[in-house]
Colleague: 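One structure coming up, written as structure tokens, with questions to follow.
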Protein chains: 2
Amino acid sequence: MQKQPTIRDVAQAAGVSVAVVSRVLNPGSGPVAAATRTRVNEVMQSLGYHPRTAARELKFGPPTTLGLLLADVSNPFFARLADRVVQEAHARGIQVLLMTTQEDDHLEAERLATLIERRVSGIIATPTGNNQEIWKKLQALGTDVVFVDRSIPTLPEVDVVSIDNFESGRSATALLAAHGHRRIGIISGPATSTTGRDRIAGYREALEAAGLEQDELLIRSAAFRGAAGGDAASALLNLEDPPTALVVANTAQVTEVLKRLSHAGIAIPGAMSVIVFEDSPWTELMTPPLTIVRQPIDLLARHSVQLALANTSGRAPGNATVIRVSAELVERSSVARLQLAK
Amino acid sequence: MQKQPTIRDVAQAAGVSVAVVSRVLNPGSGPVAAATRTRVNEVMQSLGYHPRTAARELKFGPPTTLGLLLADVSNPFFARLADRVVQEAHARGIQVLLMTTQEDDHLEAERLATLIERRVSGIIATPTGNNQEIWKKLQALGTDVVFVDRSIPTLPEVDVVSIDNFESGRSATALLAAHGHRRIGIISGPATSTTGRDRIAGYREALEAAGLEQDELLIRSAAFRGAAGGDAASALLNLEDPPTALVVANTAQVTEVLKRLSHAGIAIPGAMSVIVFEDSPWTELMTPPLTIVRQPIDLLARHSVQLALANTSGRAPGNATVIRVSAELVERSSVARLQLAK
DNA sequence: CATAAAAGTGTAACCGGTTCCACTTCGTTT
DNA sequence: AAACGAAGTGGAACCGGTTACACTTTTATG
């Protein structure tokens with residue numbers, strides 16, 4: 001364990017002042033004779049010198065770190081989002097501090113406190129919905145906050161990047177209706193989440209457009225974590241007049257729901273047509289291949305990072321940017337065409 | 001955008017010196033009168049003061065940040081690993097800087113450079129296999145380096161946490177042999193990776209124990225990224241005397257291989273028995289449910305974090321810890337019992 | 001009640017960088 | 001040849017915390 005050389009060690013070894021070394025370190029910050037520059041560089045090389053980020057950050061709040069606060073990285077959707085965000089950030093020389101909330105607003109508050117102390121320049125988050133004061137404070141402090149995938153309606157001044165949830169719910173439902181389904185169930189995220197609410201709103205719109213009756217019993221909200229999705233599926237199956245088609249709009253619960261259907265011996269699409277919000281390669285390998293709603297994760301990531309780093313340009317407050325990208329409905333074989341008993 | 005209060009602002013507002021405020025901030029660092037403490041706390045509250053991590057880190061190399069350098073977070077195995085590592089770290093008050101290499105050693109070198117500059121206390125990584133000098137340097141600098149999942153044999157002084165790859169390869173192969181399979185193929189990671197090599201060694205051992213002939217044509221290495229796994233599968237299928245069973249030991253390529261089998265119209269387990277190294281919930285939903293090798297990701301994460309934070313205890317150099325946890329073979333229905341044509 | 005020990009507080013240096021500004025040393029311009 | 005400007009360099013203050021040490025005030029002890 002060797003002691004780390006500092007800028008003064010380098011300066012001394014090269015026979016110059018620390019100011020010169022610093023200028024070599026930050027090209028453009030001042031003139032340095034070519035000969036001096038190479039000499040200093042050689043010394044740094046031979047000493048194995050690496051400038052310390054912490055010291056550098058002390059001077060100015062540095063746009064060099066970004067907080068990524070997700071619900072849960074074991075969910076493949078968030079995992080791929082994290083992957084893309086990290087790549088986008090690295091491409092800009094930015095580092096990513098990864099945190100998870102487990103959908104727990106208390107944990108979220110703790111994480112946000114650390115992010116404040118670290119003075120990160122931006123935060124990309126899937127908010128739980130609470131801790132509104134903290135989010136406001138973060139913004140007041142000059143942190144660029146971007147909500148991705150979800151948002152908090154009572155915080156309209158925060159940037160949002162998400163898919164068009166309303167349209168996704170609508171189009172998935174419309175497809176089922178067009179295939180002759182009259183009783184269509186939907187399992188979505190908690191009613192407190194914008195994601196869940198918007199998708200259900202789209203669902204309602206599609207039913208209305210198709211002239212179908214809305215039955216509140218067919219609309220289920222399931223928490224993001226745990227086995228809630230499975231229970232919701234069971235409840236739908238046990239209905240007196242069960243649905244013939246199902247939109248699984250809670251990404252986190254897709255496998256739970258499918259597991260329950262499978263255990264109940266419900267054949268897809270024979271006994272139940274299914275459309276899931278999920279883009280795992282596995283959906284294509286299922287028997288039958290599942291019809292899915294594919295979220296353009298790359299776009300979500302790119303826009304999020306972009307907004308989270310827009311701080312320097314000093315946007316006027318109150319001008320929140322809302323970016324909605326459209327999801328893609330990929331038709332495969334899990335939706336049956338129903339013979340209309342006329 | 002308000003200017004952030006500093007410790008001196010707090011001191012002034014509370015009518016005390018900065019030393020006192022600092023002692024309030026770090027309980028145990030010195031005596032503070034109870035009355036003073038509450039007053040200072042109130043002032044901090046009302047001013048919205050948050051101590052700045054960067055300044056604090058300047059004094060000592062702080063065990064408050066950990067680097068997690070993975071190949072790729074879109075791979076569910078790594079994603080779940082990241083999830084667990086983050087949780088374990090948070091439980092200890094440690095933050096995680098997430099980085100990806102895309103299996104590219106040049107990118108890896110860049111990431112490592114930033115980790116050095118940040119003076120992280122520990123690094124958990126899936127190394128590409130190159131950049132050996134940098135890894136050594138990191139260790140010499142006092143950073144706790146832990147390789148997870150894979151290792152670099154020529155760097156024996158680095159801690160390693162992984163599953164027992166040899167035994168996993170052996171038991172999966174043995175299961176197939178016990179079911180009467182005589183021609184068993186294996187698709188594993190690149191021969192340069194310890195993971196791939198060890199699993200194949202276990203495979204050979206099992207064949208030998210079962211008295212089966214080893215055919216080099218049945219052993220395929222596939223790169224972690226891209227469609228290499230699919231190509232390897234096709235190659236096996238096109239063999240003059242193709243295998244009746246397949247061990248897919250390259251986690252990253254599992255879906256690629258299955259996709260190829262499916263497109264080729266190969267029924268599982270009718271025309272091909274399969275065991276995959278993968279523990280996604282989807283494996284259970286497949287038709288038929290897949291027999292899998294399950295890696296205890298929680299354990300991998302816990303041990304990794306533990307080792308990566310062991311620095312203070314100052315281990316003697318040369319005493320690398322190697323932790324091997326055992327993977328679980330979960331039998332489901334993708335392995336057929338073969339009638340032995342005697 | 002004198003005095004030693006303990007409690008509480010403040011001053012100033014330090015961590016490792018960046019940067020303002022003053023100072024030399026040249027090469028150019030009238 | 002004098003005057004000027006640009007290039008190159010160094011000294012020292014600063015960023016926002018922590019902490020060693022000196023100092024004052026209490027409290028405890030004989």
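Just so you know, these numbers come straight off a predicted model, no measurement behind them. Proteins get letters first, then strands, A, B, ... in listed order; numbering begins at 1 in each.
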Colleague: Is it the case that B:T36 and B:R23 place a side-chain donor and acceptor less than 3.5 Å from each other?
Modeller: no

Colleague: How close do B:R150 and B:V160 get, heavy atom to heavy atom, and via which atoms?
Modeller: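 Smallest interatomic distance, heavy atoms only, reads O-CG1, 4.0 Å.
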
Colleague: A:V43 and A:V10: which non-hydrogen atoms are nearest, and at how many Å?
Modeller: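 The pair with the smallest heavy-atom distance is CG1-O, 3.9 Å.
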
Colleague: Using whole Å, report how far NE2 of B:H50 lies from P of D:dG17.
Modeller: 12 Å

Colleague: Could you work out which one of D:dG17, C:dT18, D:dT19 sits closest to the side chain of A:S22?
Modeller: C:dT18

Colleague: Once hydrogens and angles are ignored, does a donor-acceptor distance under 3.5 Å link the base of C:dG16 to the side chain of A:R56?
Modeller: no

Colleague: Taking the side chain of B:R8 as heavy atoms from C-beta outward, which of C:dT19, D:dG17, D:dG8 is closest to it?
Modeller: D:dG17

Colleague: Could you give the CG-to-C1' distance, from A:L58 to C:dT18, as a whole number of Å?
Modeller: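 Going from A:L58 (CG) to C:dT18 (C1'), I get 10 Å.
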
Colleague: Could you state the CG-C1' distance from B:L47 to D:dG16, rounded to the nearest angstrom?
Modeller: 15 Å

Colleague: Reckon B:A19 touches a base, only the sugar-phosphate, or nothing at all at heavy-atom distances under 4.0 Å?
Modeller: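 Contact class for B:A19: base.
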
Colleague: With sugar-phosphate meaning primed atoms plus P, OP1 and OP2, does B:P51 contact a base, only sugar-phosphate, or nothing at under 4.0 Å between heavy atoms?
Modeller: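 Answer is sugar-phosphate: B:P51 comes under 4.0 Å of backbone atoms only.
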
Colleague: Over how many whole Å does the gap from B:R118 atom CZ to C:dG17 atom C1' extend?
Modeller: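 Rounded to the whole Å, the gap is 15 Å.
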
Colleague: Ignoring hydrogens, what is the shortest heavy-atom contact between B:R52 and A:L58? Give both atom names and the distance.
Modeller: NH2-O, 3.3 Å

Colleague: Between B:E88 and B:R92, is the closest basic N to carboxylate O distance under 4.0 Å?
Modeller: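 Answer for the salt bridge query: yes.
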
Colleague: Using whole Å, report how far CZ of B:R52 lies from C1' of C:dG16.
Modeller: 14 Å

Colleague: Can you identify which nucleotide, out of D:dG17, C:dG10, D:dA7, has its nearest atom closest to the A:P31 side chain?
Modeller: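 The closest nucleotide is D:dA7.
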
Colleague: Minimum heavy-atom separation for B:A71 and B:E103, please, with both atom names.
Modeller: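 Of all heavy-atom pairs spanning B:A71 and B:E103, the closest is CB-OE2, 3.2 Å.
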
Colleague: Just compare D:dG17, C:dT18, C:dG17 and give me whichever is closest to any side-chain atom of A:Y49.
Modeller: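 Of the options given, the side chain of A:Y49 lies nearest C:dG17.
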
Colleague: Rounded off to whole Å, could you give me the CD1-to-P distance for the A:I116 and D:dG17 pair?
Modeller: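 Roughly 14 Å, once rounded to whole Å.
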
Colleague: So does A:T6 get a side-chain nitrogen or oxygen closer than 4.0 Å to the phosphate oxygens (OP1/OP2) of C:dG16?
Modeller: no

Colleague: Identify whether any heavy atom of A:V21 sits under 4.0 Å from a base atom; if not, whether one sits that close to sugar-phosphate; answer base, sugar-phosphate or nothing.
Modeller: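 A:V21: no heavy atom of the nucleic acid under 4.0 Å.
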
Colleague: Could you tell me if A:Q87 and A:D83 have a donor-acceptor pair between their side chains, going purely by distance under 3.5 Å?
Modeller: yes

Colleague: Have a look at A:V32 and say if it touches a base, only the backbone sugar-phosphate, or nothing, with a 4.0 Å heavy-atom cut-off.
Modeller: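 Sugar-phosphate only.
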
Colleague: Between atom CE in A:M44 and atom P in C:dG16, what is the gap in whole Å?
Modeller: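 A:M44 atom CE is separated from C:dG16 atom P by 17 Å.
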
Colleague: In terms of side-chain heavy atoms of A:V18, which of D:dC15, C:dT18, C:dG10 is nearest?
Modeller: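 Of all the options, the side chain of A:V18 is nearest to C:dT18.
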
Colleague: On a plain distance test, is the side chain of B:R23 in donor-acceptor contact with the base of C:dG8 below 3.5 Å?
Modeller: no

Colleague: Around atom CD of B:Q45, are there more than 12 heavy atoms from other residues, nucleotides or ligands closer than 6.0 Å?
Modeller: no

Colleague: As a test of reading the structure: which of C:dT9, C:dG17, C:dT19 is closest to the side chain of B:V20, going by heavy atoms?
Modeller: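 Of the options given, the side chain of B:V20 lies nearest C:dT9.
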
Colleague: Considering only heavy atoms, which members of residues 35-43 of chain B lie under 4.0 Å from some atom of DNA chain C?
Modeller: B:T36

Colleague: Write down the distance between CD (B:E57) and C1' (C:dG17), rounded to a whole number of angstrom.
Modeller: 14 Å

